[in-house]
Each structure stands twice: as C-alpha cells, then as structure tokens.
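Let me begin by presenting the structure, written as structure tokens, before commenting on it.
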Amino acid sequence: MPRASASKRDGNVTRQTFLEHHDIIVEKLRLKKEADSALGDAYKAAERDGIDKKELKRAIADGNLSSENNKAFEAGVTAGKAGADLASCPFDPGSEEYQSFSLGWSQGQKAAVEALGGTTRTAANQH
C-alpha cells in the first residue's frame, strides 16, 4: 500500500505534525513486531517445558487462572524452591489446583537448581 503523502493532509495539520505522528506510529509498529516475536518465543519455551500451547492459550482466554489456582501455583513455587517433593501437594491429583501447584513446583525446582549454579534442561538449551 503506498504511503499517504503529507500533501493530502486535512485542514490545518502541518507537514511537521503529520510526520511526527507517522514516526510515532512506525515506532509503535516496530515495538509490536518485537513484542509479537517475544510472545512467540515465550510460547515456544512453554512448549519445550511440556506445556500444551492450545491449553495455555485457552487458560489465558478464560481470563487467566482463577485466584485459587494462582494461590496453588504460588504454593507450588514455594514448595519447589524449598526442595519439597511433589507428593507434598495438598490438592487432589488431576484437579486444576493440583495442576497449578505442579506447574509452580516445577518453576520453583528450576529456580532452586539454577540458584545453586546447576543447569536445567531448558537453561542448557538456551545457551
């Protein structure tokens, strides 16, 4: 699509004003492209960690995880960082809260290993 010329501006809009807005929008489009690329990378990383992309997108579309699931996730992160066994999960296996706890526990384990100078499979793949 050809670029609109500044000569077709409306009313009292100066060429300078037109070009300022042009430059702002071009920069925002560049940032959007960069963010889209980063989002794609985040989905790929989630898939490498065994998360189903469609399930993750569905959870996001459903208004994110419920407050209870967020609490379960945070409890899982804490347990994982502390080195607790996944069997310490207080939720019923298969429940949404159990799944949230499990995801959090995995993140906590990863953080604990990396804090000790270890390398997780995902971290090793990123180097």
Side-chain angles (χ1 to χ4, degrees):
M1 177 186 259
R3 181 177 162 192
S5 73
S7 65
K8 292 186 180 182
R9 54 189 186 267
D10 185 26
N12 294 323
V13 176
T14 65
R15 178 175 174 78
Q16 180 180 352
T17 299
F18 179 90
L19 292 174
E20 286 173 1
H21 287 280
H22 172 270
D23 292 346
I24 290 168
I25 291 170
V26 166
E27 175 61 10
K28 299 303 180 195
L29 288 169
R30 184 193 69 75
L31 291 172
K32 181 183 181 300
K33 183 177 179 181
E34 187 177 299
D36 287 344
S37 176
L39 178 60
D41 291 345
Y43 276 120
K44 287 175 188 173
E47 287 179 309
R48 282 193 305 267
D49 283 344
I51 297 171
D52 181 84
K53 182 178 177 178
K54 287 181 183 178
E55 186 177 327
L56 181 57
K57 282 186 170 187
R58 192 174 323 114
I60 292 167
D62 287 345
N64 295 318
L65 300 174
S66 71
S67 175
E68 187 63 34
N69 288 348
N70 287 336
K71 290 176 186 175
F73 179 85
E74 291 303 323
V77 170
T78 301
K81 283 182 179 179
D85 192 287
L86 184 56
S88 68
C89 178
F91 303 104
D92 293 329
S95 68
E96 288 184 34
E97 291 85 2
Y98 180 90
Q99 293 172 10
S100 294
F101 182 94
S102 178
L103 288 172
W105 180 84
S106 294
Q107 292 292 327
Q109 288 280 289
K110 178 182 171 189
V113 168
E114 290 174 356
L116 294 172
T119 305
T120 61
R121 181 178 47 187
T122 303
N125 292 342
Q126 292 175 351
H127 295 295

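Sequence positions, counted from 1, serve as the residue numbers for this chain.
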Take Lys33 and Leu29 through the side chain to side chain contact (heavy atoms under 4.5 Å, CB included) test and state the conclusion after the steps.
CA-CA 6 Å; Lys33 183 177 179 181; Leu29 288 169; over 6 Å; no
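With sequence neighbours left out, the side-chain contact (heavy atoms from CB on, under 4.5 Å) criterion links Gln16 to Thr14, Glu20. With sequence neighbours left out, Lys28 forms a salt bridge (Lys or Arg N to Asp or Glu O under 4.0 Å) with no residue at all. Residues passing the side-chain contact (heavy atoms from CB on, under 4.5 Å) test with Ala46 are Ile51, Leu56, sequence neighbours excluded.
Phe73 pairs in a side chain to side chain contact (heavy atoms under 4.5 Å, CB included) with only one of the listed residues (Gln107, Gln99, Glu97), which is Gln107.
The hydrophobic cluster of Val26 has no other members, since no ILVMFWY side-chain heavy atom comes under 4.5 Å of it.
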Please output the side-chain donor-acceptor pairs of residues 34-45 that fall under 3.5 Å, not counting sequence neighbours, one pair per line with the distance.
residue	atom	partner	partner atom	Å
Glu34	OE1	Arg30	NH1	3.0
Asp36	OD2	Lys32	NZ	3.0

Sequence neighbours excluded and cut-off under 3.5 Å, please list the side-chain donor-acceptor pairs for residues 76-95, or say none.
residue	atom	partner	partner atom	Å
Thr78	OG1	Glu74	O	3.1
Asp85	OD1	Ala87	N	2.7
Ser88	OG	Asp85	O	2.6
Ser95	OG	Asp92	O	2.7
Ser95	OG	Tyr98	N	3.0

